[in-house]
*Asks:* 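To start, I am sharing the structure in question, which I have written as structure tokens.
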Amino acid sequence: MSEAPQPPEEAREERLARNEILFRSVNEAIEQQALEFGGLDEYEFICECARTGCFERIRLTLKQYEHVRAEGTRFFVVPGHQDVAVELVVESESGFVVVEKDRQAGVVADLADPRAGD
């Protein structure tokens with residue numbers, strides 16, 4: 001028995017969320033290295049937007065990083081990289097904005113949160 005195909009809008013939201021999830025996993029590895037080596041107040045993380053060719057850097061303290069990571073549906077992006085069709089801007093800081101996925105993209109992001117259950 002196969003699942004019914006997703007409506008195009010939901011499929012697009014899921015694809016965009018998966019792009020951001022990939023960048024979140026890279027940033028989790030960066031954070032682990034930062035914790036291991038310590039010494040700096042800020043670290044360069046990769047923009048977690050849905051743009052497949054984006055590798056822009058965002059400087060965050062570990063405290064800022066942990067604040068965003070506290071919610072599985074939240075990501076940080078370079079200002080202007082937010083996609084209002086599938087996410088809401090919930091915070092705006094100097095150099096980055098925090099977006100929250102909603103609808104299908106939010107479900108996908110939350111389920112893929114590597115910290116779920118921590």
*Asks:* State, with a plain yes or no, whether a side-chain heavy atom of Phe76 is found less than 4.5 Å away from one of Tyr65.
*Replies:* yes
*Asks:* With a 4.0 Å cut-off, would you call Glu44 and Arg59 a salt bridge?
*Replies:* yes
*Asks:* Just jot down the side chain to side chain donor-acceptor pair (under 3.5 Å) partners of Glu91, sequence neighbours excluded, or say none.
*Replies:* His67
*Asks:* With sequence neighbours excluded, what pairs up with Glu56 under the salt bridge (Lys or Arg N to Asp or Glu O under 4.0 Å) test?
*Replies:* none
*Asks:* Do Arg69 and Glu48 meet the salt-bridge criterion of a basic N to acidic O distance under 4.0 Å?
*Replies:* yes
*Asks:* Test of understanding: with salt bridge (Lys or Arg N to Asp or Glu O under 4.0 Å), list the residues that count as partners of Glu93, not counting sequence neighbours.
*Replies:* none
*Asks:* If you round to the nearest 0.5 Å, how far is CD of Glu66 from CG of Leu62?
*Replies:* 7.5 Å
*Asks:* List in chain and number order the residues that pass side chain to side chain donor-acceptor pair (under 3.5 Å) with Glu100, two or more places apart in sequence or in another chain; answer none if no residue qualifies.
*Replies:* Arg74
*Asks:* Testing the basics here: between Val99 and Val77, what is the closest heavy-atom pair and its distance to 0.1 Å?
*Replies:* CG1-CG2, 4.0 Å
*Asks:* I want to check something: taking the side chain as every heavy atom from C-beta on, are Ile58 and Val78 in contact at a cut-off of under 4.5 Å?
*Replies:* yes
*Asks:* Checking the side chain of Gln82 only, and the main-chain atoms of Gly80 only, is there a donor and an acceptor separated by less than 3.5 Å?
*Replies:* yes
*Asks:* Working to the nearest 0.5 Å, report the span between CZ of Phe55 and CD1 of Ile46.
*Replies:* 7.0 Å
*Asks:* What distance separates Cys54 SG from His81 NE2, expressed to the nearest 0.5 Å?
*Replies:* 4.5 Å
*Asks:* Which residues satisfy the side chain to side chain contact (heavy atoms under 4.5 Å, CB included) test with Gln33, sequence neighbours excluded?
*Replies:* Glu36, Phe37
*Asks:* Can you list everything that forms a side chain to side chain contact (heavy atoms under 4.5 Å, CB included) with Ser92? Sequence neighbours excluded, please.
*Replies:* Val97
*Asks:* Distance from Phe75 atom CZ to Arg24 atom CZ, nearest 0.5 Å?
*Replies:* 4.0 Å
*Asks:* Test side-chain contact (heavy atoms from CB on, under 4.5 Å) on Phe96 and Leu60 and set out the steps.
*Replies:* CA-CA 9 Å; Phe96 69 96; Leu60 300 169; 3.2 Å; yes
*Asks:* For Arg57, which residues count as a side chain to side chain donor-acceptor pair (under 3.5 Å) partner, sequence neighbours excluded?
*Replies:* none
*Asks:* To the nearest 0.5 angstrom, please state how far the CG atom of Leu88 sits from the OG1 atom of Thr73.
*Replies:* 9.5 Å
